[in-house]
Structures are given as C-alpha cells and as structure tokens.
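Data block below; observations after.
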There are 2 protein chains.
Amino acid sequence: MTILIADDEPQMLKVLSAYFKNEGFDVRTAKDGQEALDIVESTKIELAILDWMMPKIDGIDVCNYIKENSQTKVLILTARSQNQDELVALNTGADDYIRKPFDPQILIVRAKKLMNSSKEIKVSDIRIMENEKKAYKNDELVQLTKTEYDLLLVFSRNKGVILSRETLIDRVWGMDYDGDPRTVDTHIRRLRAKIGTELIKTYRGVGYCLEVKGD
Amino acid sequence: MTILIADDEPQMLKVLSAYFKNEGFDVRTAKDGQEALDIVESTKIELAILDWMMPKIDGIDVCNYIKENSQTKVLILTARSQNQDELVALNTGADDYIRKPFDPQILIVRAKKLMNSSKEIKVSDIRIMENEKKAYKNDELVQLTKTEYDLLLVFSRNKGVILSRETLIDRVWGMDYDGDPRTVDTHIRRLRAKIGTELIKTYRGVGYCLEVKGD
DNA sequence: GATAGTGTTTTAAAATTAATGAAAGCCGTT
DNA sequence: AACGGCTTTCATTAATTTTAAAACACTATC
C-alpha cells in the first residue's frame, strides 16, 4: 500500500511521513508538484495527499492530472480556508479535502477510508482479500496468476458495471499498454474457469461485467 | 435515489430538503433519531445525513445501527467542534463528517461523492444507469444490445423531443453512416419490445419521441 | 372506401463479435 | 542453457447482432 505525500514544508513532510509509516504504509514524498507528478508516473500510488500550494505545479493541477490518468485517490490538504476553494478541489475530482491546521489522527482515519484498506470484497461465493492479495471460493484459496487477480480486483471494485476491454486494459495493464485487446478475452476465460463461468457476464459489443444479484 | 435528512431544527430540515430536492433527489426527513430509524427500516435509503445531537436517539447511535444493518452511506453533520468527536464519528463507520456551520454547496458535493455520483436517468418505470451502461425496468435488468442501449440513451437524453431518423442515425451510428434509414425502424421495434411499446411514440412523417407524462 | 404514403413486422442473409484451442514468446529459476 | 509457468497472439469456430428487403398494416386524404 503505497502513498504519496507532497508538501513544500519539510517539517510537514517529516511529521506526516512518520505517522503514515507507523501505520504500515509505504510512503513516498515530494516537495513540489513536479516531483509529485514524477512519482505518480513511475510508481503505483494508492493515495496521494497533496498540499494545494506548492512550487512549480500546484496541488490542484497535480490532482487534475492524476484523476485523468489513474484510479489513484486524492486528498487535498491546505491552508486555504475559503469554502470556494474546497468546492474547486472536490469538483476537480479530489476525494477528500482537509484544512490546515488539522489533527493528524483525523487525516489518517480519512486516508484509510479512502483506501478502504485491508478490506475484503465479497461477490456470491468469492471473497477477495485485498490485503492478502488472495481470492477464495467457498473459503478455499483460488490459485490465480497475477493478471487474473488484478483483473478480478478491478471487476470486484466495479460490481455490476460493464467494463470495456479498453477500460480493463487501462486498469490492469496500464495506460501505456499497446497490445491486442483480444488478450483480455483469454484472461477472462481462464479467470472464469477458476471462479465459475456465471460470475463474469459478456455484453457483446460493450464489454464484461461482474454480475451481482442481491445488491 | 432517496436520501434521509435527520435534524431537530425544523429550519435546517427545510433548507436542506429544498437544496437536495432541487438536485433531483427524493428526500425523506426526520426530526429525531427514532423517526430516522423508522424511515431507514422501511425505505431503501442511499444516504443518511444525520445531525449528531437529536432527541430520543442521537446521530451516532443511528449511524451505528445503519452500518450494522445496511449498505446505506452516512454523513454526520454537527455543531460539535472537537477533533475527538470527528474521530468517534468516522470510527463508528460514518463515511463523512461536516461541522456546522457549513456551506450547503459543500454538503451537496460531498453527499454526491458518497453516492457514487452515478448518473441515472429515469423515464416512467425505466432507469438508465450511465456508469453501469445498463438499463432497468422496474429494477430488473433489461438485456439490451449495444445499438438498443445507445438508442435508448439518445432518447432519454432528449425526453419529449421528436427525433427524426436522420438525427437518430447521426447520434447513434455517427455522421458517416450511409445505410438505410429504415433500419432505425427495426431497432425501435426491438427496443419497444423490451422496454414497453408505449414509451416511444411514433410521429408519422416526423420521427420518434420518448414520451414522458409528468414533465 | 379506394389509394398513396408511411410505419410495422417478418424473415433471412450479412456482418460483427466472442469463445475456443493451440502455439509461440517471455521471464525467472534451476 | 533448459525447464516450467505465465502471458500474448492468432486462426478457427460458434454465436449474436445488425441490416435490408419484402410483406403486411395502418392512416390520412380525396
């Protein structure tokens, strides 16, 4: 579980880093917007905690970029106190917004909520343990390859939503993948063979969907 | 999309109700915790906005009950200003926490975020979930092909507007399509068979229209 | 109430899309 | 370098969807 903290005050970086490391997170830090972008580009970040006012590129622009290009959650942290600012941030796609000064405990609880960390997702007789990176069918471990697991995770985070091959490729392989979209079919087939054929439904011409009855 | 607002100040209820109704939500109100629980028990609530301090049962206890028994999201709204209070609320399972006084706009944006901000369009007993790329009739999934879904989407975005075959072809097939305009008829026919024949009305010599009564 | 014009239904062929099976390529490990 | 598991690609097959044409039905108008 890797998080990014970007702030131009070294003291703030140091304190927050310590707090989050203490909670078991892998922490990357950046002292300006450019550094933040570089890290986001090269590392899979679960959550980005961004100060609004930073040198080079401000937090909102970083947020904008992140939201257009990834699934990474964003929490804006700022000394700005205008309601208008909070609205701008939230409408830019920020998932949460906290004003300075703040209680670090609150930041941590809110950050954890965004990552819904150590969560388990259940879909009919399948259970996905995100912290263990394992999936179970009727409490028995299903031996999934990395791609199969990633695929299942994307599906389970979007229960009932039809996902196109392009979307799946973006989320599982990454935006820069330029292979055959039909490759998805093959992985779907093998995933189905392991978790049961009914769960993932084909929508011809549209995509695939993890179906869920009782929700 | 039904939400519950619980607060013991009638003025607050009135103002918030108006705001959320204006945003298109179906709003239920409660003036104390007991009423809130009764509503949660009997209605499918998407989001509960709860004041902390309420007569009979306080907001935190209501939140506790909700989180143990349903998937409903909870936003706590309160005049309490201690950081400790926020921590208690978030740890009880509250999904967000806003202190009074607050900007109603911020409340609305945050509330929408909690509700998946899923775009849905409703026309009589048909619901189109744009994020899922699915359509429901009386809460049951309608199996539409890609073209049928696209067609329905164009109609639903133009409720009450008569659309000519040419317009439909442009919007559904794209400007560069050069097939027979009569093909539209066939798709309309099959769409009608699935969602009900009354919804799409024919205007001879003009086009088709998704009729809507109460609009 | 006949007729021309327009929408609807039926049908079947054509086109598109997904599932399958198999082979080749890739990568880390031995 | 050879092995084995995993991933990717590709050709074939199977299935569904789309299209278009023809037959049918309705409506308005004379």
Side-chain angles (χ1 to χ4, degrees), chain A residues 44 128 133-135 141-155 161-211, chain B residues 133-135 141-155 161-211:
Chain A
K44 191 170 182 272
I128 299 138
K133 294 198 176 182
K134 284 176 183 166
L141 184 65
V142 186
Q143 289 287 356
L144 297 178
T145 69
K146 181 178 156 44
T147 311
E148 285 156 11
Y149 175 81
D150 290 347
L151 199 53
L152 178 57
L153 191 59
V154 169
F155 273 122
V161 176
I162 304 179
L163 300 164
S164 68
R165 287 192 184 73
E166 288 66 41
T167 304
L168 289 169
I169 285 176
D170 280 358
R171 308 254 174 104
V172 174
W173 282 267
M175 241 95 52
D176 47 347
Y177 180 84
D178 69 334
D180 190 336
R182 297 271 129 200
T183 298
V184 174
D185 301 25
T186 303
H187 289 282
I188 296 263
R189 166 167 41 124
R190 285 200 285 246
L191 184 54
R192 277 173 171 163
K194 290 179 183 179
I195 65 169
T197 47
E198 341 64 60
L199 274 169
I200 296 170
K201 208 184 149 194
T202 304
Y203 284 81
R204 209 159 248 270
V206 190
Y208 297 94
C209 173
L210 184 63
E211 294 292 333
Chain B
K133 296 184 196 158
K134 287 177 177 172
L141 183 65
V142 186
Q143 290 285 358
L144 298 178
T145 68
K146 182 177 159 47
T147 312
E148 285 155 12
Y149 176 83
D150 290 345
L151 199 54
L152 177 57
L153 194 58
V154 169
F155 274 121
V161 177
I162 304 178
L163 301 165
S164 68
R165 288 191 184 74
E166 287 67 39
T167 305
L168 289 169
I169 285 176
D170 280 359
R171 306 259 175 96
V172 174
W173 282 266
M175 240 86 67
D176 48 346
Y177 179 84
D178 69 335
D180 190 331
R182 297 274 125 197
T183 297
V184 174
D185 302 23
T186 302
H187 289 282
I188 296 265
R189 186 190 138 267
R190 283 200 286 243
L191 184 55
R192 277 173 170 162
K194 289 179 184 180
I195 65 169
T197 47
E198 340 65 61
L199 273 169
I200 297 170
K201 207 184 153 193
T202 305
Y203 286 82
R204 287 178 75 89
V206 190
Y208 298 93
C209 173
L210 185 63
E211 295 291 331

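Convention: sequence-line order gives letters A, B, ...; per-chain numbering from 1.
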For atom [atom1] of [X] and atom [atom2] of [N], their distance in whole Å:
X: K194(B); N: dT9(C); atom1: NZ; atom2: P; value: 15 Å
X: K201(B); N: dG7(C); atom1: NZ; atom2: C1'; value: 14 Å
X: L191(B); N: dT8(C); atom1: CG; atom2: P; value: 13 Å
X: D150(A); N: dT8(D); atom1: CG; atom2: P; value: 11 Å
X: L151(B); N: dT18(D); atom1: CG; atom2: C1'; value: 13 Å
X: H187(B); N: dG7(C); atom1: NE2; atom2: P; value: 17 Å
X: L168(A); N: dT8(D); atom1: CG; atom2: P; value: 13 Å

Original post:
OP1 or OP2 of dT18(D) less than 4.0 angstrom from a side-chain nitrogen or oxygen of T147(B), does that happen here?
Top reply: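 It does, given that an N or O in the side chain of T147(B) lies less than 4.0 Å from OP1 or OP2 of dT18(D).
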Original post:
Can a side chain N or O of W173(B) be found less than 4.0 Å away from OP1 or OP2 on dT19(D)?
Top reply: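 Yes.
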Original post:
Going from OG1 on T147(B) to NE2 on H187(B), what distance comes out if it is rounded to the nearest 0.5 angstrom?
Top reply: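 So the gap between those two atoms works out to 5.0 Å.
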Subject >> Inter-residue atom distance I200(B).CD1 - I188(B).CD1, 0.5 Å rounding >> reply: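 Those atoms lie 5.0 Å apart.
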**OP:** Would you please test T186(A) and R182(A) for side chain to side chain contact (heavy atoms under 4.5 Å, CB included) and show each step?
**Re:** CA-CA 7 Å; T186(A) 303; R182(A) 297 271 129 200; over 6 Å; no
Original post:
Sub-3.5 Å donor-acceptor pair from the side chain of R190(A) to the main-chain atoms of E148(A), do we have one?
Top reply: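 Checked: no pair found.
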**OP:** Measure from the side-chain N and O atoms of K194(A) to the backbone N and O of Q143(A), and report whether any donor-acceptor pair falls under 3.5 Å.
**Re:**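 Confirmed, K194(A) side chain pairs with Q143(A) backbone.
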Original post:
Along nucleotides 14-30 of chain C, 5' to 3', which nucleotides get a B, which get an S, and which get a -, given that the test is a protein heavy-atom distance under 4.0 Å?
Top reply: ---BBSBB---------
Original post:
Going by an N to O cut-off under 4.0 Å, is there a salt bridge joining R165(B) and D185(B)?
Top reply: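 Here R165(B) pairs with D185(B) in a salt bridge, since their nearest N and O are under 4.0 Å apart.
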